[in-house]
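Predicted, not measured: the structure shown is a model, and the values here were computed from it.
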Amino acid sequence: QVQLVESGGGLVQPGGSLRLSCAASRSIFSINTMGWYRQAPGKQRALVATISVGGSTNYADSVKGRFTISRDNAKNTVYLQMNSLNPEDTAVYYCRITTTRSLLYWGQGTQVTVSS
């Protein structure tokens, strides 16, 4: 099972920004869709954003206009730029990738806490 390496989480004040990164091993050659999901306490894991290998993006309504997903295919890395953060964004954020071989991988999760 391939493990993804996430970074960039932390504590930020309301209105602040964070950028999450998720890097897959260079040994993975068949990455298709990359995305971010989050899970708040007592809640189900939910979609935040996805991006296809061709650059098509999809966002949850709650983050549209505030979050931007991007990817660097040469680095096998996906990013999530999070602006105008509010306490409702507090959650564990998980990176997810799918491959053209119909495999799915999850990162270990990184904590994002928005609090004054």
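Between Ala24 and Ile31, the shortest heavy-atom contact is CB-CD1, 3.8 Å. Heavy-atom minimum distance, Ala91 versus Ala40: CB-N, 3.8 Å. Shown here for Ser116 and Pro14, the closest heavy-atom pair between the two residues is N-CD, 3.7 Å.
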(message) If you apply the rule side chain to side chain contact (heavy atoms under 4.5 Å, CB included), what do you find for Thr100 with Val53, and how did you get there?
(response) CA-CA 10 Å; Thr100 59; Val53 67; over 6 Å; no
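Residues satisfying the side chain to side chain contact (heavy atoms under 4.5 Å, CB included) criterion with Val92, sequence neighbours excluded, are Tyr94, Gln111. Residues forming a ring-ring contact (aromatic ring centres under 6.0 Å, His included) with Tyr59 (at least two apart in sequence, or on another chain): none. Under the rule for a salt bridge (Lys or Arg N to Asp or Glu O under 4.0 Å), Lys43 has no partner lying at least two apart in sequence or in another chain. Legend: residues meeting side chain to side chain contact (heavy atoms under 4.5 Å, CB included) with Ala23, ordered by chain and number and at least two apart, are Thr77. Not counting sequence neighbours, the partners of Ser115 by the side chain to side chain contact (heavy atoms under 4.5 Å, CB included) test are Leu11, Thr113. Take Gln81 and apply the side chain to side chain donor-acceptor pair (under 3.5 Å) test, not counting sequence neighbours, and it matches Asn83.
Contacts classified as disulfide (SG to SG under 2.5 Å) and involving residues 38-76 (residues at least two apart or in different chains) are not found. Among pairs with a residue in residues 44-53, none fulfils side-chain hydrogen bond (donor to acceptor under 3.5 Å, both in side chains), at least two apart in sequence or across chains. Residues in residues 16-106 take part in these disulfide (SG to SG under 2.5 Å) pairs, two or more places apart or across chains: Cys22-Cys95. For residues 26-71, the set of pairs meeting the disulfide (SG to SG under 2.5 Å) definition, not counting sequence neighbours, is empty. Among pairs with a residue in residues 61-71, those fulfilling side-chain hydrogen bond (donor to acceptor under 3.5 Å, both in side chains) read Arg38-Ser62, Asp61-Lys64, Arg66-Asp89, Arg71-Asn73, at least two apart in sequence or across chains. Each ring-ring contact (aromatic ring centres under 6.0 Å, His included) pair with one or both residues in residues 33-55, not counting sequence neighbours, appears once here: Tyr37-Trp106.
The shortest distance between side-chain heavy atoms of Arg101 and Ser30 falls below 4.5 Å. With a 4.5 Å cut-off on side-chain heavy atoms, Tyr79 and Arg19 count as touching.
Cluster membership check: Val5 does not share its hydrophobic cluster with Leu80, using side-chain heavy-atom separations under 4.5 Å among Ile, Leu, Val, Met, Phe, Trp and Tyr.
For the atom pair CG (Asp72) and CE (Met34), the distance works out to 9.5 Å, reported to the nearest 0.5 Å. Within the model, atoms CG of Asn32 and OG1 of Thr98 stand 4.5 Å from one another, a figure rounded to the nearest 0.5 Å. The distance from the CG atom of Leu4 to the OG atom of Ser21 is 12.5 Å, given to the nearest 0.5 Å. Summarising the geometry, atom CD1 belonging to Ile97 is positioned 10.5 Å from atom OG1 belonging to Thr33; distances are rounded to the nearest 0.5 Å. How far CG of Leu18 is from OH of Tyr93: 9.0 Å, rounded to the nearest 0.5 Å.
In this structure, Asn58 contributes its side chain and Ala49 its backbone to no donor-acceptor pair below 3.5 Å.
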